[in-house]
Student: 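Handing you this structure, nothing more for now.
Below, each value reflects all heavy atoms present in this structure, side chains not excepted, and no hydrogens, waters or symmetry copies. One-based numbering along the sequence shown.
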Amino acid sequence: MPSTSIDHAFTARKTTGAASDPTYAGALSFMRRKFTKDVKGADAVVWGIPFDAAVSNRPGARFGPQAIRRASALFDNDPQYPFSRDLFEAMSVVDYGDCLLDYGNHQKTPATIEREASKILKAGGFLLSLGGDHFVTWPLLKAHAAIHGPLALVHFDAHQDTWFDDNKRIDHGSFVARAVRDGIIDPDRSIQIGIRTHAPEDFGIKILYGYEVEDMRPADIAYAIAERTGGRKTYLSFDIDCLDPAFAPGTGTPVSGGPSPAKILSVLRQLGHVDIVGADVVEVAPAYDHADITAIAGATVAMHFLGLLAEQKARSAALTD
């Protein structure tokens, strides 16, 4: 049974189990998970990276982690759809809070993010990061690749993010190119979904463009992802502007012609056998949102990542019984 306390993010005595806070009250951690810097033994760690100094259009994604946490309160207490389970009954998840960044010295930002991510990952848990603009994925990829080696990248976005970069710029449109050049991701095992713009280079990464996604069934998109990643350790990065701005207006560089949340969430639901070792949700900018619909979409994507992890944990437990 859920606890009968309020402010579960602070009053929880353990890191498993549901909370009982009303959706409209209580401390707003991600899905009411306990706020703690002690991640030892956690199956997953949720972490905010409030950074948006790399945007090429509208700023505001520094408020993304707050907005996603606020929206995530909708998912607590009931068994989470479509997983038909309390995700936290047997899975320990904590909210680590946010990364502390110096707003006046952006050149230190990449190393700060990478250092903190590496510290969390060395404790052994799955890291789910909430951006922030898409630049934050660059140091996150570095931290994950240091543990797992070159990664497959599954990248949901309207943009390829493969623009030229001199390795010094703080730019949210070039992290993929940098990761390929530095051998952090394997382009032959990487795929981008929902692309609706053109960049000079694709580096051999498979692309499912927006109109292709519109014509495909979710099962076919999920199959393309599984086939492309081919069992490789995979990092999944979800830019909220992958979704059409009708469903996600609260973002810095919206592009019309994208898929609906229903379609893309169905794709995510079918990725249970992809070896996802880390994930992020980025580019939620609540200043341009309406009625929290973008934040709700971002929180739902993040919840799906945890749902897949909970099912994976359940499968592993069943095999050992």
Side-chain angles (χ1 to χ4, degrees), residues 3 5 7-19 21 26-51 64-66 68-70 72-73 75-76 80 86-101 109-132 136-149 151 233-238 275-282 298-299 301-314 316-317:
S3 94
S5 66
D7 295 321
H8 186 85
F10 298 111
T11 61
R13 295 183 180 180
K14 58 182 182 177
T15 57
T16 54
D21 301 55
L28 291 171
S29 61
F30 185 79
M31 292 184 72
R32 309 290 190 183
R33 295 304 87 201
K34 183 178 180 180
F35 270 125
T36 179
K37 299 296 184 185
D38 181 6
V39 302
K40 186 177 180 180
D43 296 304
V45 177
V46 183
W47 182 41
I49 310 177
F51 178 79
Q66 287 182 347
I68 293 171
R69 286 186 175 105
R70 182 175 67 250
S72 76
F75 305 126
D76 193 34
Q80 282 80 35
D86 171 6
L87 301 187
F88 311 116
E89 182 179 3
M91 183 172 70
S92 170
V93 180
V94 301
D95 190 324
Y96 189 78
D98 286 347
C99 184
L100 178 61
L101 300 169
T109 293
T112 300
I113 296 171
E114 182 182 354
R115 182 170 56 249
E116 196 76 6
S118 297
K119 176 184 173 183
I120 296 169
L121 289 169
K122 285 175 182 176
F126 181 96
L127 180 57
L128 171 56
S129 302
L130 311 176
V136 306
T137 302
W138 164 241
L140 289 170
L141 283 171
K142 289 180 70 178
H144 284 79
I147 293 172
H148 300 290
L151 299 158
K233 300 289 186 185
T234 299
Y235 188 91
L236 200 157
S237 184
F238 197 103
D275 190 6
I276 302 170
V277 297
D280 63 52
V281 182
V282 298
V301 169
M303 183 271 286
H304 273 60
F305 295 154
L306 294 182
L308 293 174
L309 197 65
E311 288 187 332
Q312 183 185 75
K313 183 177 174 65
S316 297

Student: Could you pull out the closest heavy-atom pair between Ala310 and Leu87, with the gap in Å?
Tutor: CB-O, 4.0 Å
Student: Should Lys14 and Lys34 be marked as a side chain to side chain contact (heavy atoms under 4.5 Å, CB included) after you check the CA-CA gap, both sets of side-chain angles, and the distance that decides it?
Tutor: CA-CA 8 Å; Lys14 58 182 182 177; Lys34 183 178 180 180; over 6 Å; no
Student: Given the rule in the side chain to side chain contact (heavy atoms under 4.5 Å, CB included) test, do Thr112 and Cys99 qualify, once you have shown the distances and angles that lead to the verdict?
Tutor: CA-CA 8 Å; Thr112 300; Cys99 184; 4.0 Å; yes
Student: Keeping the roles fixed (side chain from Arg70, backbone from Ile68), state whether a donor-acceptor pair exists under 3.5 Å.
Tutor: no
Student: Determine yes or no for a side-chain-to-main-chain donor-acceptor pair under 3.5 angstrom, with Gln80 supplying the side chain and Phe75 the backbone.
Tutor: yes
Student: Between Leu306 and Val93, what is the shortest heavy-atom contact and its length?
Tutor: CD1-CG1, 4.3 Å
Student: Side chain to side chain contact (heavy atoms under 4.5 Å, CB included) between Phe51 and Thr109: does it pass, once the steps are laid out?
Tutor: CA-CA 9 Å; Phe51 178 79; Thr109 293; 3.6 Å; yes
Student: Taking C-beta and beyond as the side chain, do Ile113 and Leu101 meet within less than 4.5 Å on heavy atoms?
Tutor: yes
Student: In Å and rounded to the nearest 0.5 Å, what is the CG to NZ distance from Asp43 to Lys313?
Tutor: 4.0 Å
Student: Just to verify, which of Leu127, Leu121, Val282 counts as forming a side chain to side chain contact (heavy atoms under 4.5 Å, CB included) with Leu140?
Tutor: Leu127
Student: Tell me, do Tyr235 and Ile276 make a side-chain contact under 4.5 Å, heavy atoms counted?
Tutor: no
Student: Looking at every heavy atom in both His144 and Leu151, which two are closest together, and how far apart are they?
Tutor: CB-CD1, 3.9 Å
Student: Going by heavy atoms in the side chains, are Leu128 and Asp280 under 4.5 Å from each other?
Tutor: no
Student: Tell me whether Lys37 contacts the main-chain N or O of Tyr96 through its side chain, where contact means a donor paired with an acceptor under 3.5 Å.
Tutor: yes
Student: Locate the shortest heavy-atom distance separating Arg69 from Trp47; write the atom from each residue and the value.
Tutor: NH2-C, 4.3 Å
Student: Is the shortest side-chain heavy-atom distance between Ile49 and Pro65 below 4.5 Å?
Tutor: no
Student: Provide the closest heavy-atom pair for His8 versus Arg32 in the form atom of the first, atom of the second, distance.
Tutor: CD2-O, 2.9 Å
Student: Which distance, rounded to the nearest 0.5 Å, do you find between the OG of Ser129 and the CD of Glu116?
Tutor: 11.0 Å
Student: Find out whether Thr15 and Arg33 are in side-chain contact, i.e. whether some heavy atom of one side chain is under 4.5 Å from a heavy atom of the other.
Tutor: no
Student: When you measure from the side chain of Asp275 to the backbone N and O of Thr234, does any donor-acceptor pair fall under 3.5 Å?
Tutor: no
Student: Can you name the closest pair of heavy atoms from Ala302 and Phe30 and give their distance?
Tutor: CB-CZ, 3.6 Å
Student: Would you please test Met91 and Leu309 for side chain to side chain contact (heavy atoms under 4.5 Å, CB included) and show each step?
Tutor: CA-CA 9 Å; Met91 183 172 70; Leu309 197 65; 4.0 Å; yes
